Protein chains: 2
Amino acid sequence: MRYSHKLSDAVHILAYVAIYHDDDLSSAAIAASIESNPALVRRLMGALRRAELLTTQQGSATPQLARPADRISLLDVYHAVEADTPLLHVDDKTNPACIVGGNIQATLRGAYAEVQDAAERQMAAITLASLIVDIRQREQQRNHA
Amino acid sequence: MRYSHKLSDAVHILAYVAIYHDDDLSSAAIAASIESNPALVRRLMGALRRAELLTTQQGSATPQLARPADRISLLDVYHAVEADTPLLHVDDKTNPACIVGGNIQATLRGAYAEVQDAAERQMAAITLASLIVDIRQREQQRNHA
DNA sequence: AATGGTGTAACTTATAAAGTAACATCAAAT
DNA sequence: ATTTGATGTTACTTTATAAGTTACACCATT
């Protein structure tokens with residue numbers, strides 16, 4: 001498969017909405033910033049809306065963050081767009097007639113769950129607000145140079 | 001793409017070598033346990049050998065762990081087989097002529113590095129030895145029922 | 001030398017992500 | 001009320017990566 005950019009693009013959308021709240025927030029405008037296409041943006045916005053991170057309105061391009069950026073975590077966004085795709089994947093096609101093949105799936109599910117939990121705890125500690133601060137700081141530095 | 005099972009299959013190989021050390025350790029035998037094919041097993045064993053986790057010999061099927069299982073971590077295996085594939089992927093095709101598109105790549109690289117570090121710390125805390133203990137315990141329970 | 005496995009490369013297939021197109025639906029403007 | 005323009009969603013196509021397959025030189029043991 002290709003590497004998924006759903007999380008990156010979803011964060012991009014939220015940051016774009018937060019920063020450009022007074023400008024054109026159409027899916028086409030956001031797609032131009034992502035260098036992607038409007039349908040992808042609308043699909044991701046749909047997932048963000050269902051996760052209650054973003055409010056949108058059909059017909060008019062006026063999406064808004066559903067709550068302040070300091071109360072939206074990277075984990076919230078991850079759950080919104082990658083809920084059913086864990087970071088590590090168990091091979092579920094092993095031979096049950098073998099000590100290893102018959103048990104390693106459950107063993108790895110446990111181990112991977114610990115890794116996933118650690119990653120998600122870190123994601124929970126990163127807010128959209130902090131990401132936006134970082135984006136703005138980098139923009140300052142770009143304009144300085 | 002398809003979901004990568006490299007890490008799972010590499011752990012499978014190491015556990016198989018550790019548990020079945022007196023039996024047939026040919027790539028074909030291990031492939032049968034993974035329900036995969038010998039070439040995949042040999043490719044993964046090559047990566048494990050290059051990472052100095054496994055010793056193999058051409059011509060004879062006698063691979064061995066390069067060091068005790070309690071000194072091989074899940075992180076070691078991850079680095080061996082997925083070194084160049086981080087858990088989260090930045091979209092590197094965003095529009096630089098935009099505050100968000102021009103800076104979000106660097107911002108997300110930083111955030112994702114923190115997530116990766118948290119995940120890797122947890123992987124480092126999980127040893128092959130503990131996974132093998134878990135596999136054996138589950139086998140006991142299977143035989144009990 | 002013969003046998004049988006490894007190590008590795010080239011090619012094919014499968015599958016998930018992203019791109020594309022189409023269109024009903026809704027909101028705003030006139 | 002009708003027109004306009006964007007959304008929400010689906011279906012289909014394209015692309016990229018993992019896994020499967022094949023082939024064969026190489027090595028070790030017999």
Side-chain angles (χ1 to χ4, degrees), chain A residues 1-10 12-13 16-17 23-51 54-64 78 80-94, chain B residues 1-10 12-13 16-17 23-51 54-64 78 80-94:
Chain A
M1 77 184 150
R2 274 200 243 187
Y3 297 125
S4 172
H5 298 144
K6 284 181 197 174
L7 179 58
S8 295
D9 292 347
H12 193 134
I13 290 169
Y16 196 97
V17 168
D23 294 295
D24 180 4
L25 294 180
S26 68
S27 59
I30 299 175
S33 174
I34 301 182
E35 290 193 353
S36 175
N37 61 81
L40 172 70
V41 172
R42 293 205 287 268
R43 278 195 293 247
L44 288 174
M45 288 178 98
L48 293 170
R49 176 170 39 74
R50 281 186 287 278
L54 193 69
T55 60
T56 64
Q57 263 192 321
Q58 202 170 35
S60 70
T62 53
Q64 283 188 310
Y78 174 76
V81 298
E82 306 258 30
D84 45 3
T85 304
L87 297 171
L88 296 171
H89 298 270
V90 174
D91 184 348
D92 59 356
K93 207 194 71 181
T94 60
Chain B
M1 80 186 152
R2 276 198 241 186
Y3 296 127
S4 173
H5 297 144
K6 284 181 196 173
L7 179 58
S8 294
D9 291 348
H12 193 135
I13 289 168
Y16 195 98
V17 168
D23 295 294
D24 179 4
L25 294 181
S26 67
S27 60
I30 300 176
S33 174
I34 300 181
E35 291 192 352
S36 174
N37 60 82
L40 172 70
V41 172
R42 293 206 285 270
R43 276 195 295 248
L44 288 174
M45 287 178 97
L48 293 171
R49 175 169 41 74
R50 282 185 288 278
L54 194 68
T55 61
T56 64
Q57 262 194 320
Q58 203 170 34
S60 71
T62 54
Q64 283 187 310
Y78 173 77
V81 298
E82 306 257 29
D84 45 2
T85 305
L87 297 170
L88 295 172
H89 298 270
V90 174
D91 186 346
D92 58 356
K93 208 195 69 181
T94 60

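All values below were derived from every heavy atom in this structure, side-chain atoms included, with hydrogens, water molecules and symmetry-related copies excluded. Since the model is a prediction, treat every value here as computed from it, not as a measurement. Quick note on labels: first sequence line is chain A, next is B, and so on, each numbered from 1.
Rounded to whole Å, the distance from CD on E82(A) to P on dA16(C) is 14 Å. Computed from coordinates, the L48(B) CG to dT6(C) C1' distance equals 15 Å when rounded to whole Å. Between the CZ atom of R43(A) and the P atom of dA16(C) there is a distance of 16 Å, given to the nearest Å. A straight line from CG of N37(B) to C1' of dA14(C) spans 13 Å, rounded to a whole angstrom. As a whole-Å value, the separation of D84(B) CG from dT17(D) P is 11 Å. If you take CG of L44(B) and C1' of dA19(D), they are 10 Å apart, rounded to a whole angstrom. In this entry the distance linking CG of L40(B) with C1' of dA19(D) reads 7 Å, nearest Å.
Taking only side-chain atoms of T56(A), from C-beta outward, the nucleotide of dA6(D), dG8(D), dA17(C) with the closest atom is dG8(D). Distances from the side chain of A39(B) to the nucleotides dT20(C), dA19(D), dT22(D) place dT22(D) closest. Checked against dA22(C), dG19(C), dT17(D), the side chain of R42(A) finds its nearest nucleotide in dA22(C). The side chain of K93(A) sits closest to dG20(D) out of dA18(D), dT7(D), dG20(D). Ranking dG19(C), dT6(C), dA16(C) by closeness to the Y3(B) side chain, first place goes to dA16(C). Nearest nucleotide to the side chain of R2(B), out of dA17(C), dT9(D), dA19(D): dA19(D).
Here the closest heavy-atom approach between residue H89(B) and residue S8(A) is recorded as O-OG, 2.9 Å.
The side-chain contact (heavy atoms from CB on, under 4.5 Å) with P63(B) is formed by just one residue from the set T55(B), T56(B), L48(B); it is T56(B).
An OP1 or OP2 oxygen of dT6(C) is reached within less than 4.0 angstrom by a side-chain nitrogen or oxygen of S27(B). Residue R49(A) places at least one side-chain N or O closer than 4.0 Å to OP1 or OP2 of dG8(D). At least one side-chain nitrogen or oxygen of S36(A) sits closer than 4.0 Å to the OP1 or OP2 atom of dG19(C).
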